[in-house]
Protein chains: 2
Amino acid sequence: MLTIGKLGDAAGVKVPTIRYYEQIGLLPEAERSAGNQRLYGCKALERLAFIRHARDLGFTLEAIRDLLSLSDNPDQSCAAADAIARSQLVEVESRLARLTALKSELERMVVQCAGGKIADCRVIEVLGDHSLCATDHRHPEAEARQ
Amino acid sequence: MLTIGKLGDAAGVKVPTIRYYEQIGLLPEAERSAGNQRLYGCKALERLAFIRHARDLGFTLEAIRDLLSLSDNPDQSCAAADAIARSQLVEVESRLARLTALKSELERMVVQCAGGKIADCRVIEVLGDHSLCATDHRHPEAEARQ
DNA sequence: CTTGAAGCTATAGTTGCTAGAGACATTAGA
DNA sequence: TCTAATGTCTCTAGCAACTATAGCTTCAAG
């Protein structure tokens, strides 16, 4: 049996994050020791590693919740899991495209900065005037989230 | 003079976002009409466009605050603005690398999904076992934030 | 002059955690 | 065996960067 700290170390997840996952129902309520401390077996470790890995891959907690409920019922078709992964892929591809445009814009910005005064600074100028951009890197839903 | 709605349309920023920017001090307090509605001139539009553009480029509001204070004092050296842009570029490059690894992992996942039952689903399997990964797409500070 | 859109304030919710306070549990060393 | 250090507990609040809701007022078009 693992304490929460050991579990966290094993899965690469911080302790408060584990408690948070339990709180939102992503992990089941853990067994408790005589002194009320959480105890975990290896099923919990697997589940947490699954979550961690999916987070690494950019899945939202909602998507992970779906994937977990799928893997809890292994007799269904895997079309749903596939769909989730595919939509994740589409998202990643669009972010990739946007980031690439962004990168070239930033490169242009730093290359053009002649090291003079702000008044001549292309960084500020480019940011103030979108029409100076080489590429269109705008995006309706800003890519802030996730 | 523009109302807040027109300003938002012109700059591509939603109305509550403009009020939010004012609230956190990124935009100065707007003039008001007789009926207490905000009114903006073209300086406000320029400033908002600057913010929007910088957000598009992935700058945090804090970085934007710095850039704005730089552009408000155009007599300094532009080294500071340049440094902000450069550090932003470094960040973007690292995110780009990570996203690329991630994308190929997702591609592998969906390609390998045979369309059978969950029990055989590679999507679920790969998520449960990191050792099945082709690349290391892990990251200490998850790339969640911006 | 009326009606509907757009504006106002204020508050609370979102995602995915992270940080802090103050109390209890466990474990390693003297 | 005692003690000190570390780990864990609950609870609450905070972070970015908005978004949404409620209940009201103002404005512009027909």
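Since this is a predicted model, take the numbers as computed values, not measurements.
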Legend entry - Candidates A/Ile18, A/Val13, A/Leu39, A/Asp9 - the one meeting side-chain contact (heavy atoms from CB on, under 4.5 Å) with A/Ile4: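 Only one option passes, and that is A/Ile18.
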Does OP1 or OP2 of [N] have a side-chain N or O of [X] closer than 4.0 Å?
| X | N | result |
| --- | --- | --- |
| A/Ser33 | C/dT26 | yes |
| A/Arg19 | D/dC9 | yes |
| A/Lys14 | C/dT18 | yes |
| A/Tyr21 | C/dC17 | yes |
| B/Arg55 | D/dC18 | yes |
| A/Arg38 | D/dT8 | no |
| A/Thr17 | C/dT18 | yes |

Inset, instruction - Inspect the surroundings of CD in B/Glu31 and state if more than 12 heavy atoms from other residues, nucleotides or ligands are less than 6.0 Å away. - result: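 Open.
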Rounded to whole Å, how long is the line connecting atom [atom1] of [X] with atom [atom2] of [N]?
| X | N | atom1 | atom2 | result |
| --- | --- | --- | --- | --- |
| A/Glu22 | D/dC11 | CD | P | 12 Å |
| A/Ile18 | D/dT8 | CD1 | P | 9 Å |
| B/Asp9 | C/dA5 | CG | P | 16 Å |
| A/Arg32 | C/dA25 | CZ | P | 13 Å |
| B/Leu2 | D/dC27 | CG | P | 16 Å |
| A/Ile24 | C/dC17 | CD1 | C1' | 9 Å |
| A/Glu31 | D/dT8 | CD | C1' | 17 Å |
| B/Ile64 | D/dA17 | CD1 | C1' | 10 Å |

Legend entry - Closest non-hydrogen atom pair between B/Ala11 and B/Arg52, with its separation: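 Of all heavy-atom pairs spanning B/Ala11 and B/Arg52, the closest is O-CG, 3.6 Å.
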Inset, instruction - For B/Glu107 and A/Leu89, work out which heavy atoms get closest and say how close. - result: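 Smallest interatomic distance, heavy atoms only, reads CG-CD2, 3.7 Å.
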Inset, instruction - Let me know, please, whether A/Tyr20 or A/Ala34 comes out on the 5' side of the other along DNA chain C by nearest nucleotide. - result: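 In this pair, the answer is A/Tyr20.
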Inset, instruction - Look at B/Glu22 together with B/Arg19 and state whether they make a salt bridge at an N to O cut-off of under 4.0 Å. - result: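 No.
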Legend entry - A/Pro16 side-chain proximity, nearest of D/dA17, D/dT8, C/dT18: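 That would be C/dT18.
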Legend entry - Closest to side chain of A/Thr60, choosing from C/dG7, C/dG16, D/dC9: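 Nearest listed nucleotide: C/dG16.
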